[in-house]
Amino acid sequence: MLGADARAQADALSLESAPVQKSESIGSTQNVFVEGSIGNAAQRYRPGSVDTGRFSLDFSYSGKVGTQMRVMLSDRIDAIYPKSAPGADTTINSLREAYLSWQPEGANTVIDLGRINVRSGPAYGYNPTDFFRDGSLRVITSADPFALRQNRIGSVMLRAQRLWDTGSLSLAYSPKLASRPDAGGWSLDLGSTNNVDRGLITLGTKISDKINSQILLYKEEGRSLTVGANMSALVSDAATMHLEWSHGREPDLVSRALPVPVNHVTKSRFVGGATYTTLGKTSITAEYQYNGFGLKNSDWASLSAVPGAQL
């Protein structure tokens, strides 16, 4: 789980889907994280209180298989009391990643196959170009956006990457494997991550030692092409800035939330922000977030005519 300080102290110019590094000399790595809590919570607007508890086991592994192959595995188990939702299982397993990565020695091409967690965008709280985000969280145990990005499950896909000194080109295809989500505690839940055919092309460029950028083209079945762009820059030894933008045509939020005729609109999403790190290594981030597909004041007013529609 990454906190704000840990993220800020990492490479200031890193993009989530930045070019992978050549891995011939990298051995195996594994990490285990255990977290637990017990407590008692009073419920607002209800009498009395309830006992609460959670146990989480987080495991990740990366290791070589032969001279040209690596295996990646990342899994998380959450045991929650009381249940996260009526009818849900007490124990939820999230297979976040499980894939093979093939890279011939000395070559600049990488082929990945399996469940891969593709995270795009340098922004902190909201990512307009994180196209594989929807439906990827099986259980929410934190409000921290970094933890949410880390804990989600990936999509089954085939990905090919070409690397060079100043950038990379990545092509990913994620096929439809199921039609509906599966809330079973030990389910792979392919219906949440692979319920439609999707494709993503990402061109990453190192413009200079201080500026990195990405251009993304995303397409899913039944929707038009969406274009996106990212940039992160080192402004000074203590300050960085980041920009993230996407533009496409999708159903508006009312159409997604209510049983009404689908209304497709063409809109943009945008994030701009900066981070300053003090001499005491305290990081302060300011970020502006815009979602053109969100509800306007007129939308809220029209929803008020239908009881419960705003909720």
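- Here the side chain of T52 pairs no donor or acceptor atom with the backbone of I38 at under 3.5 angstrom.
- Each of V118 and L113 belongs to its own hydrophobic cluster when Ile, Leu, Val, Met, Phe, Trp and Tyr are linked at side-chain heavy-atom distances under 4.5 angstrom.
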Worksheet item: Could you walk me through whether T193 and S155 pass the side chain to side chain donor-acceptor pair (under 3.5 Å) check?
Response: CA-CA 5 Å; T193 59; S155 300; 4.6 Å; no

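- Using modelled atom types, one finds a donor on one side chain and an acceptor on the other under 3.5 Å when comparing N230 with T129.
- Residues N40 and S49 have side chains that bring a donor and an acceptor to within less than 3.5 angstrom of each other.
- Side-chain contact between E287 and V271: present, with at least one pair of heavy atoms (C-beta onward) separated by less than 4.5 Å.
- In this structure, L177 CG and R115 CZ are separated by 9.5 Å, a value rounded to the nearest 0.5 Å.
- Between the side chains of T277 and S283, at least one donor N or O sits under 3.5 Å from an acceptor N or O.
- Under the 4.0 Å criterion applied to side-chain N and carboxylate O atoms, D130 and R149 are assigned as salt-bridge partners.
- Under the 3.5 Å distance criterion, the side-chain polar atoms of R249 are left unmatched by any main-chain donor or acceptor of S224.
- Taking hydrophobic clusters as Ile, Leu, Val, Met, Phe, Trp and Tyr residues chained together by side-chain heavy-atom distances below 4.5 Å, L243 shares a cluster with V235.
- Note that the CD1 atom of I215 and the OG1 atom of T205 stand 6.5 Å from one another [nearest 0.5 Å].
- Both L217 and F270 belong to a common hydrophobic cluster when Ile, Leu, Val, Met, Phe, Trp and Tyr are linked at side-chain heavy-atom distances under 4.5 angstrom.
- Remark: S60 OG to R96 CZ distance equals 6.5 Å, nearest 0.5 Å.
- A salt bridge is defined here as a Lys NZ or Arg NE, NH1 or NH2 lying under 4.0 Å from an Asp or Glu carboxylate O, and E250 with R269 meets this definition.
- Once rounded to the nearest 0.5 Å, the distance linking CG of L137 with CG of N151 reads 7.5 Å.
- Hydrophobic clustering (ILVMFWY, side-chain heavy atoms < 4.5 Å, transitive): F132 and Y126 are in distinct clusters.
- Between the R256 side chain and the P251 main chain, a donor and an acceptor come within less than 3.5 Å of each other.
- For the residue pair R70/S28, the side-chain donor-acceptor check at 3.5 Å is not satisfied.
- Taken together through direct or relayed side-chain contacts under 4.5 Å among Ile, Leu, Val, Met, Phe, Trp and Tyr, I116 and L100 form parts of separate hydrophobic clusters.
- In this structure, the separation between CG on L253 and CG on N263 is 11.5 Å, given to the nearest 0.5 Å.
- A donor and an acceptor atom, one from each side chain of R152 and N117, are located under 3.5 Å apart.
- Using modelled atom types and a 3.5 Å distance limit, the side chains of R198 and S174 yield no donor-acceptor pair.
- Annotation: F146 is in aromatic contact with Y124 [ring centroid separation under 6.0 Å].
- Side-chain contact check for I77 versus W186: some heavy-atom pair is nearer than 4.5 Å.
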Discussion item. Applying side-chain contact (heavy atoms from CB on, under 4.5 Å) to I201 and L169, what does each step give before you reach the verdict?
Written reply: CA-CA 7 Å; I201 300 175; L169 178 65; 4.0 Å; yes

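- In the model, H242 has no side-chain atom that pairs as donor or acceptor with a side-chain atom of S232 under 3.5 Å.
- A donor atom on one side chain and an acceptor atom on the other are found under 3.5 Å apart for S101 and D112.
- Judged by distance alone, the side chains of R54 and S37 never bring a donor and an acceptor atom under 3.5 Å apart.
- R138 CZ to S192 OG: the interatomic distance, rounded to the nearest 0.5 Å, is 7.0 Å.
- Taking the charged nitrogens against the carboxylate oxygens, K176 and D197 have no contact shorter than 4.0 Å, which rules out a salt bridge.
- A salt bridge links D78 and R76; the closest N-O separation between the charged side-chain nitrogens and carboxylate oxygens is under 4.0 Å.
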